[in-house]
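Have a look at the structure below before the remarks.
All heavy atoms count here, side chains included; hydrogens, waters and symmetry mates do not.
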Amino acid sequence: MTTINDIAKLANVSRTTVSRALNNSGYVSEDVRKRIMKIVEETGYMPSQSAKSLRTKRSGVIGVILPRLSTETSTRVVNGINEVLAKEGFQILLTDTELDKDKEIDYIRLLKSRHVDGIILLATNINDALIQTIKQIQVPFLAIGQELPGVTSLVYDDYHASADLTNMLIHKGHEKIAFIGVSPEDPSVGKVREQAYRDMMKEHGLPVSEAMVGQGDFTIDSGYEQMKTILRDCKDDKPTAVFAVTDRMAIGAMEYLKEQGYKIPEDMAVVGIGASSMSKYITPSLTTIDYFNKDAGKKAAELLLNKINDKKIEEKFELTYRLILRDSV
């Protein structure tokens, strides 16, 4: 196995010079750097991570806790995180809670035991046990998607995004708007988005029929089933539009409507949130909110690096969004 001493001997330089060239620390002339890197490439030399960790007091690893590894939102966020961290020489270690809030705490402790340099959590809930665990581990930490008290948080503007969608439907003449949400255990998606919908309906003097309000679980199937239930329960007073808080549930609702012979948007307008790839290609294409998830991942990584480097940063950052108007309205 090639060692750093072998590289130094082949390049006719000191071990310290090789270390500087590999770590971009300290001065090394361009000619010498090129010679060292050519030898590294030819020999296939790989620096020892454990030795590097002992030297820098860092593992070079960032833990990322996802609610679901398979979702498009998670993939986009992780791509953004990795794009920034890879340039800084960090690797990411992914974990998947499968929406189990107890696993969030388990994985935080596990990542602490793996000596990661920082943790990014795509948060789906807020509870005292979670906050306490984050404070106990004393590892640079950042949450995306929920505002956690005392924790640096990167949040989406769920209220105004949902208000914009509701207002858009109202301005297009819809007075009976159904709503498919999720459990309030997810404060941002389950509470804030629904509150914005209710506030805008009230602001325009429009009643909210509880028969038109359903609760799904983020899946396409749940959107389908909730749309079925709403139409069954509103047999004599059907909505003319439906607002689902995720694209997947909106797509499920659209599928049920099409099966029942509804024309979209002539008979029923449909909107969602997430700007998923499916939203663009389903027929009709879905009106949605784009939260720029990859940019969120980049911003999260940049902020976490600042925390790791002991730079002072604000506790809360709010992300932007855009409304994409398509054929479903």
Side-chain angles (χ1 to χ4, degrees), residues 67-68 71 73 99 101 122-127 143-148 153 155-172 174-234 237-254 256-257 268-276 279 286-291 318-319 321 323 328-329:
R68 274 184 178 152
T71 68
T73 296
L99 293 174
K101 62 184 178 182
L122 274 67
T124 59
N125 74 94
I126 301 172
N127 61 70
I144 302 177
Q146 308 283 351
E147 184 178 356
L148 304 185
S153 304
V155 298
Y156 300 110
D157 191 355
D158 285 295
Y159 186 89
H160 290 104
S162 299
D164 282 354
L165 280 174
T166 307
N167 281 329
M168 181 268 297
L169 290 171
I170 293 170
H171 290 149
K172 286 186 175 292
H174 297 284
E175 297 184 352
K176 298 174 182 178
I177 303 172
F179 182 86
I180 301 176
V182 297
S183 168
E185 286 190 1
D186 184 323
S188 294
V189 182
K191 287 184 178 179
V192 175
R193 295 182 190 182
E194 181 172 345
Q195 189 60 55
Y197 154 77
R198 290 181 180 274
D199 287 351
M200 293 309 102
M201 294 290 282
K202 182 178 180 181
E203 187 175 297
H204 289 276
L206 300 173
V208 173
S209 167
E210 295 307 317
M212 291 188 188
V213 177
Q215 186 179 111
D217 63 4
F218 293 92
T219 63
I220 291 175
D221 285 346
S222 70
Y224 181 99
E225 291 300 326
Q226 289 303 312
M227 192 74 256
K228 180 195 293 185
T229 300
I230 289 169
L231 291 182
R232 182 197 65 206
D233 293 347
C234 300
D237 190 27
K238 290 184 171 57
T240 62
V242 58
F243 170 11
V245 296
T246 72
D247 281 357
R248 292 175 68 83
M249 293 195 299
I251 288 167
M254 289 173 69
Y256 182 75
L257 289 169
M268 186 85 69
V270 183
V271 300
I273 292 179
S276 65
S279 70
L286 178 65
T287 292
T288 186
I289 292 287
D290 185 358
Y291 275 143
E318 193 164 79
L319 298 158
Y321 65 89
L323 191 158
S328 66
V329 172

What are the two closest heavy atoms between [X] and [Y], and how far apart are they?
X: Lys238; Y: Lys176; answer: O-CD, 3.7 Å
X: Ile230; Y: Phe179; answer: CD1-O, 4.2 Å
X: Leu169; Y: Phe243; answer: CD1-CB, 4.4 Å
X: Lys101; Y: Asn127; answer: CD-ND2, 4.3 Å
X: Ala250; Y: Leu286; answer: CB-CD2, 3.8 Å
X: Met249; Y: Phe218; answer: SD-N, 3.5 Å

Nearest 0.5 Å, please: how far is [atom2] in [Y] from [atom1] in [X]?
X: Met268; Y: Thr240; atom1: CE; atom2: OG1; answer: 7.5 Å
X: Asp164; Y: Tyr159; atom1: CG; atom2: OH; answer: 10.5 Å
X: Thr73; Y: Asp247; atom1: OG1; atom2: CG; answer: 8.0 Å
X: Leu231; Y: Leu257; atom1: CG; atom2: CG; answer: 6.0 Å
X: Asn167; Y: Met201; atom1: CG; atom2: CE; answer: 10.5 Å
X: Asp158; Y: Glu194; atom1: CG; atom2: CD; answer: 13.0 Å

Inset, instruction - Can you establish whether the number of heavy atoms outside Glu318 located under 6.0 Å from its atom CD is more than 12? - result: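 Above 12, so yes.
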
Legend entry - Check against side-chain contact (heavy atoms from CB on, under 4.5 Å), Met227 and Val270: CA-CA 11 Å; Met227 192 74 256; Val270 183; over 6 Å; no

Inset, instruction - Establish, from distance only, whether the side-chain atoms of Asp217 and Thr219 form a donor-acceptor pair under 3.5 Å. - result: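 Judged by distance alone, the side chains do pair up.
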
Inset, instruction - Report yes or no: do Ser188 and Gln146 form a side-chain donor-acceptor pair below 3.5 Å? - result: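 Yes, side-chain donor-acceptor contact under 3.5 Å.
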
Legend entry - Ion pair Glu225/Arg232, N-O distance below 4.0 Å: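 No, Glu225 and Arg232 are not salt-bridged.
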
Legend entry - side chain to side chain contact (heavy atoms under 4.5 Å, CB included) partner of Val245, the single match among Val189, Asp186, Leu165, Ile289: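 So, applying the side chain to side chain contact (heavy atoms under 4.5 Å, CB included) to Val245 and each of Val189, Asp186, Leu165, Ile289, only Val189 qualifies.
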
Is a side-chain N or O of [X] found less than 3.5 angstrom from the main chain of [Y], in a donor-acceptor match?
X: Gln226; Y: Gln215; answer: yes
X: Thr288; Y: Ala275; answer: yes
X: Tyr197; Y: Ile177; answer: yes
X: Ser153; Y: Ala143; answer: no

Inset, instruction - Please report the C-alpha distance between Val213 and Arg198 in whole Å, then the side-chain angles of each, then the deciding distance to 0.1 Å, and finally whether the side-chain contact (heavy atoms from CB on, under 4.5 Å) criterion is met. - result: CA-CA 10 Å; Val213 177; Arg198 290 181 180 274; 3.9 Å; yes

Inset, instruction - Please lay out, stage by stage, how Arg248 and Thr71 fare under the test side-chain contact (heavy atoms from CB on, under 4.5 Å). - result: CA-CA 10 Å; Arg248 292 175 68 83; Thr71 68; 5.7 Å; no

Taking the side chain as every heavy atom from C-beta outward, state whether [X] and [Y] have any atom pair closer than 4.5 Å.
X: Val208; Y: Lys202; value: no
X: His171; Y: His204; value: yes
X: Met168; Y: Thr287; value: yes
X: Ile180; Y: Thr246; value: no

